[in-house]
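The next block holds one structure in the form of structure tokens; read it before the comments.
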2 protein chains.
Amino acid sequence: MKHSTDTKERLLDAAEEVFAREGYRAASLRAITARAAVNLAAVNYHYGSKRELVEAVFARRLQTMNQARMRGLAQVREQARAAGRRPSPRTLIAAFVEATLGQDRSGPGERHFMALVVRSFSDTDRTVQRAFENYMKPAFDALRAAMTEALPALPAADLWWRLQFTIGAMIRVQHLALAADTAANTAPRTPDAAAIRLLIDFVYAGLSAPPAAPSRHPAAAQGELS
Amino acid sequence: MKHSTDTKERLLDAAEEVFAREGYRAASLRAITARAAVNLAAVNYHYGSKRELVEAVFARRLQTMNQARMRGLAQVREQARAAGRRPSPRTLIAAFVEATLGQDRSGPGERHFMALVVRSFSDTDRTVQRAFENYMKPAFDALRAAMTEALPALPAADLWWRLQFTIGAMIRVQHLALAADTAANTAPRTPDAAAIRLLIDFVYAGLSAPPAAPSRHPAAAQGELS
DNA sequence: GTCTATAGATTGATAGAC
DNA sequence: GTCTATCAATCTATAGAC
């Protein structure tokens, strides 16, 4: 081996960036290898195929990012237990959102990973869809378990939907941050702290709203909330 | 002209379906023309290029869909004015969400248009991004104007963000509905009325939450909401 | 491990007969 | 307006020299 580790790692960094910018399908191995300054054939030698390359890009960040989210939730639960009370839904959702969107990302390709996640959200390709699911599901399940404990009065189905709305709002924030960076032609940044703060307020209000009344007419539900 | 109208229209229907299922980039003109049962060269003859074809697909639905959303908002404002009160934020947001997600779509390609919109949300291609923007912006601005009137105490910047969170949650709902249809191998359907109802409750709670307090520590804001 | 060279397939677009 | 046939460009993947 000459610089195999270098080449292999540089390929991951370049792939993360190019996949994020161009999308999986549109990104060509030629663009990636050119960005990494390695030979085209290196992709096949080190990873076997384009598909396995993008899987490796996700796999590299997956564990770290999910652990950060789990740790955020665990800390809140621990502090609550130490104080002898139930974890508050607001601190739980704040920890989850901050761990997902607010993390400082300083590594070479690390800044591009969230861009890749957003792009993968509605990607057509099955490999990419599975990768997105692998990224989102463990943390979503952990959040759901924690919120079930924090909001015992809310039916499980309602909670599930509300957490899906939360995911959607989070993706939108990350997407807007990326679109702004693209328009300004700058490297991807973390969303503004102010936007994250507003997001937490918004989804907390939505999550902790009273369960829907079984009323027939939409207007009838108005009184209970306003 | 022999059946030029038929061919031109059938191409739009097929393109709407194939673009929605495969994504703009991955969809090939051969797949589209095969689905439409027309000759490959017909795309170039009737539309000029793949890019102009997808633009025509969006253009066909754009006006109708935006008018439906505008009309929903206008009706609410009119009813409120007739009753001599301010339009309630809940009925406004309900009208907007219903007009966007709850519309019955029975036309041949019409059912696939919302799938195309969701896919286009994070599409890499510039043409597709512009088309998505054209679809979303007029209705978003109308909603923002109406909500500004309905929530006069909320700072404009806060309202803007909260409406963006709302868009994100709406896209998530449509995306989940589509993913379920794809998994079940059925044609795209409108999201469940129950999910739409929960979505409206969620975003209404988030939109009408009190403006953020200028507190430094996140936990300090808890008291005002719980 | 890295390189050149190329196979093999697919694509968007178009020329030209009918 | 519709068709066949094909061009020219692009892509992933790989064989084989070094």
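Since this is a predicted model, take the numbers as computed values, not measurements. Each chain gets a letter, A, B and so on, in the order its sequence line appears, and its residues count up from 1.
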Name the orientation class of the two ring planes belonging to B/Tyr24 and B/Phe19 (parallel below 30°, tilted from 30 to 60°, perpendicular beyond 60°).
->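 Judged by the thresholds at 30° and 60°, the geometry between B/Tyr24 and B/Phe19 is tilted.
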Counting N and O atoms only, with roles assigned by atom type, does the side chain of B/Thr166 sit under 3.5 Å from a partner on the main chain of B/Val203, one being a donor and the other an acceptor?
->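 Looks like no, no N/O pair under 3.5 Å.
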Within the side chain of A/Lys50, is there an N or O that forms a donor-acceptor pair under 3.5 Å with the backbone of A/Ala27?
->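 Judged by distance alone, yes, a pair lies under 3.5 Å.
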Assess whether atom CZ of A/Arg35 is packed by more than 12 heavy atoms of other residues, nucleotides or ligands within 6.0 Å.
-> no
Is the count of non-hydrogen atoms from other residues, nucleotides or ligands lying under 6.0 Å from A/Arg25 atom CZ greater than 12?
-> no
With sugar-phosphate meaning primed atoms plus P, OP1 and OP2, does A/Ala41 contact a base, only sugar-phosphate, or nothing at under 4.0 Å between heavy atoms?
->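 Base: the residue A/Ala41, judged by heavy atoms under 4.0 Å, touches a nucleobase.
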Could you check how far [atom1] of [X] sits from [atom2] of [N], rounded to whole Å?
X	N	atom1	atom2	result
B/Tyr45	C/dT14	OH	C1'	14 Å
B/Asp125	C/dT11	CG	P	17 Å
A/Arg51	D/dA13	CZ	C1'	14 Å
A/Tyr47	C/dT2	OH	C1'	16 Å
A/Glu22	D/dC11	CD	C1'	14 Å
B/Asp6	D/dG1	CG	P	11 Å
A/Asn44	D/dG16	CG	P	14 Å

Starting the side chain at C-beta, find the nucleotide from [options] nearest to [X].
X	options	result
A/Ser49	C/dT2, D/dA13, C/dT14	D/dA13
B/His46	C/dG12, D/dT2, D/dA13	D/dT2
B/Lys50	D/dA13, C/dT2, C/dG12	C/dG12

Counting just side-chain N and O atoms, does A/Asn39 come under 4.0 Å of either OP1 or OP2 of C/dT4?
->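 So the side chain of A/Asn39 is within the cut-off, an N or O lying under 4.0 Å from OP1 or OP2 of C/dT4.
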Side-chain polar contacts of residues 134-145 of chain B - donor-acceptor pairs under 3.5 angstrom, sequence neighbours left out - could you list them?
{"from": "B/Asn134", "atom 1": "ND2", "to": "B/Arg130", "atom 2": "O", "distance (Å)": "3.4"}
{"from": "B/Lys137", "atom 1": "NZ", "to": "B/Asp141", "atom 2": "OD2", "distance (Å)": "2.8"}

Please list, by residue number, the residues of residues 23-32 of chain B whose heavy atoms come closer than 4.0 Å to an atom of DNA chain C; answer none if no residue qualifies.
-> B/Ala27, B/Ser28, B/Leu29, B/Arg30
Looking at B/Arg111, B/Arg21, B/His112, B/Arg60, which hits side-chain hydrogen bond (donor to acceptor under 3.5 Å, both in side chains) with B/Glu16?
-> B/Arg60
